[in-house]
Amino acid sequence: MFMTQGSTATRGTLMGVLGAAVIALSACGDLRPATEPAPPAQAATAPGEAAPEESAQEEAGPEESAQEESGQAETKPAASKLTAPGTKLRVGQRAVVPDRKGPVGITVTAIEAGDPAALVRERGRQAKGITPHYIRYTVENVDGTDHSYSSGPVLSVVTADGGGTGAVLTGTMPGCERETAPRDFTQVGASFETCRLTGARTEVEIVGVKFDSDDYRESPLLWRK
């Protein structure tokens, strides 16, 4: 009897211990580490239907891209290509050349020989034997860069033999004033007219106008009369 009761007691004790272990394991199975975040709640969607947030992003994307492209097109137009060095042009044709802030268009509209007597009256006897030449041209804003108050690129005359003019003449003369760009010279297509005064010995023949810069040093642009 003693052994039977002891065996029965022992079995009861073991069952109690096992039951407590099962309860402990069941409780541990529902626990998660403190550092593991709970999964975010998501709205149920039908099969093949995009989540609301994803759908909104897909719809807004093209509109935002279009606005960005439109804004870039309005505020920063594509830069014009420069006219190739060595290009031969006629009076009245436009070239696109580099300037201090960016490319500009130049159209030579006239190459005129002035009155040598008028130059002597204006500058004194030291100007005797020199013929003034007036280079008239239009400067155009081609890409929307702010060229406010710019004087534009400088042009010079070309002699028949390719040599020097034999004279140096600067400044202005009545009827040939050096103009600068207006304050609002910031829009594509804006333009202003100006005149460049230069001179040559009376016996030197002037056949055209050229534009020189670091880009065109070896092969300048040339406008022929």
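Treat the numbers as computed from the prediction; the structure is a model and nothing was measured.
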Contact check, side chains of [X] and [Y], non-hydrogen atoms, under 4.5 Å:
X	Y	value
Ser156	Val209	no
Arg178	Thr194	yes
Ser151	Arg100	yes
Pro153	Val104	yes
Met173	Tyr134	yes
Phe211	Pro98	yes
Val97	Thr83	no
Leu82	Tyr216	yes

Answer yes or no: is there a donor N or O on one side and an acceptor on the other, between the side chain of [X] and the main chain of [Y], under 3.5 Å?
X	Y	result
Lys88	Gly86	yes
Asn141	Gly144	yes
Asp99	Lys101	no
Trp223	Ile111	no
Lys225	Glu112	no
Thr202	Gly129	yes

So, taking the atom named [atom1] in [X] and the one named [atom2] in [Y], what distance separates them when rounded to the nearest 0.5 Å?
X	Y	atom1	atom2	answer
Glu122	Leu169	CD	CG	10.0 Å
Glu205	Thr159	CD	OG1	9.0 Å
Cys195	Tyr137	SG	OH	8.5 Å
Thr138	Ile106	OG1	CD1	10.0 Å
Asp146	Gln187	CG	CD	9.5 Å

Q) Same cluster for Leu197 and Ile135 if Ile/Leu/Val/Met/Phe/Trp/Tyr side chains link at under 4.5 Å? A)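 Per the 4.5 Å side-chain linkage, Leu197 and Ile135 are not co-clustered.
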
Q. Would Ile206 end up clustered with Val91 when hydrophobic side chains under 4.5 Å apart are linked, directly or stepwise?
A.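 Cluster IDs for Ile206 and Val91 match.
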
Q | Heavy atoms of other groups near Gln126 CD, more than 12 under 6.0 Å | A | yes

Q.
Tell me whether Lys128 at atom NZ has more than 12 heavy atoms from other residues, nucleotides or ligands lying less than 6.0 Å away.
A.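 Open.
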
Atom of [X], atom of [Y] and distance for their closest heavy-atom approach:
X	Y	result
Glu140	Phe185	C-CZ, 3.9 Å
Pro103	Val96	CB-CG1, 3.8 Å
Thr186	Ser148	CG2-OG, 3.8 Å
Ala84	Leu221	O-CD2, 3.2 Å
Pro132	Ile130	CD-O, 3.8 Å
Gly92	Thr107	O-CG2, 3.5 Å

Q) What do the steps show when you test Phe192 against Thr180 for side chain to side chain contact (heavy atoms under 4.5 Å, CB included), and what is the final call? A) CA-CA 8 Å; Phe192 69 96; Thr180 59; 5.6 Å; no

Q) Salt bridge between Glu193 and Arg136, side-chain N to carboxylate O under 4.0 Å? A)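 So Glu193 does not pair with Arg136 through a salt bridge.
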
Q: Go through Asp212 and Lys210 one step at a time and tell me if the salt bridge (Lys or Arg N to Asp or Glu O under 4.0 Å) criterion holds.
A: CA-CA 6 Å; Asp212 278 328; Lys210 66 180 179 179; 3.5 Å; yes

**Q.** Between Thr145 and Asp143, a side-chain donor and acceptor under 3.5 Å
**A.**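 Indeed, the side chains of Thr145 and Asp143 share at least one donor-acceptor pair under 3.5 Å.
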
